[in-house]
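Report on one structure; see the data block that follows.
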Amino acid sequence: MIKIAVLGYGTVGSGVVKVLNTNANIIAKRAGQEVGVKYVLDLRDFPDDPVQSKVVHDFNIILEDPEISIVVETMGGTKPAYEFVKKALLSGKSVCTSNKELVAAYGAELVHIAKSKSVNFLFEASVGGGIPVIRPLNQSLTADKIEQINGILNGTTNYILTKMAQDGSDFDVVLKEAQELGYAEKDPTADVEGYDACRKIAILTSLAYGQQVDYEDIYTEGITKITAKDFKYAKAIGAAIKIFGSSRRVGGKLYAMVAPQMIKSDNPLYAVNDVFNAICVTGNMLGDVMFYGKGAGKEATASAVVSDVVDAVKHMNINVMTIWDDEKMPVEPMDEMKNRFFVRIGESEKAKAESEFEEIKVVDGGIDGEFGFITGIMTESEFNDIIAGFDSFITRIRVGF
Ligand code: HSE
């Protein structure tokens, strides 16, 4: 039997124990041997839970136990997760994690340590929760040059935008409802400001190109400024508003951003609603391939973590190669990225908009006193320079069609 330790008995950690118990037989068959939890590390005790007999509060007990060959890290954050994971790998234990903060910040280093120790650092659950996307990028899409990744990478914001579209409510109202229903965290900043999606697109892009893409270099804009009025305009042209993590490589240059975009029904991500995530990857031979499923939640995320445990058991003392060099891949400045923009200004400046922007398409959202339009393709800096001359500028959303 393979004995594992689970660091952190929160939502995902308790889900890992549940998945291992519920599907013990099938997991044993697929892994080639039984997998059992020997330790659960947490600051807390769980007196009403059968797991209590396995709870320890000192990481060194796990580190120094030669019976533990796989450590599951579901603590979140980088402190102390980074220290624990690094020590586990250096001592020859494989690590399976759901922690995107850890992977985005230290993925390249931890992948290298795992390789040097002939163990594995696996992180399927760090992007897209239960959706298999890391393993496909590493192992299935290896014949293609990846040209583009476009993903709905955050369940909380997709839920909020879906409800805003359905109910016609403003952001604050829907966020409050989502918090009451437990879909949004009490402190929703990381989700609604796009920071969570930013780490996820940084991880996917690093894997797609085998080089370090720093999440700090990726322009990130959340959904807090999207309003019910924006959705009126979107509806008028049959568009949805979604927040995407996107990266694309054009002529050797990498562009990446996290931002809300208007998309139309011909986009395969248009119908991805509620807390679901989806990632569309475009390869130069394959074309588009899409991964869809539950991007968050206890069982779904734990399922992905346990799939990594099975992979680690099947590759005991054999490193499954992940190409992720620490050499940094620069992201082009946002100013140079080309987009089309949906724009709302005061009606008084309609004539000015028609003369200053080329090829505009009018969008009638039925809102008095406003003028809505979509620009032609232009760089961010060209757009910013022109719009700075408008006194009545209200908002702009990038257009993905
Ligand atoms: N807060 C994240 C989300 C959880 O809403 O998608 C999964 O990473």
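One-based numbering, in listed order, for ligands and for the atoms of each. It should be emphasised that the depicted structure is a prediction, and the values quoted were computed from it without experimental measurement.
For the ring pair (Phe, Tyr, Trp, His ring centres under 6.0 Å) test, no residue two or more places apart in sequence or in another chain qualifies with Phe291. With sequence neighbours excluded, the residues that form a salt bridge (Lys or Arg N to Asp or Glu O under 4.0 Å) with Lys100 are Asp196.
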Could you list the donor-acceptor pairs under 3.5 angstrom formed by side chains in residues 178-185, with sequence neighbours left out?
from: Gln179; atom 1: NE2; to: Glu185; atom 2: O; distance (Å): 3.0
from: Gln179; atom 1: NE2; to: Lys186; atom 2: O; distance (Å): 3.1

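The neighbour count for Ile61 CD1, taken as heavy atoms of other residues, nucleotides or ligands under 6.0 Å away, is above 12.
In this structure, Lys242 and Val272 approach most closely via the heavy-atom pair NZ-O, 2.7 Å.
Between Tyr106 and Tyr82, the ring-plane angle classifies as parallel under the 30° and 60° cut-offs.
Protein residues lining ligand 1, listed by chain and number: Lys100, Asn154, Gly155, Thr156, Asp191, Asp196, Lys200, Gly295, Ala296 [non-hydrogen atoms, distance under 4.0 Å].
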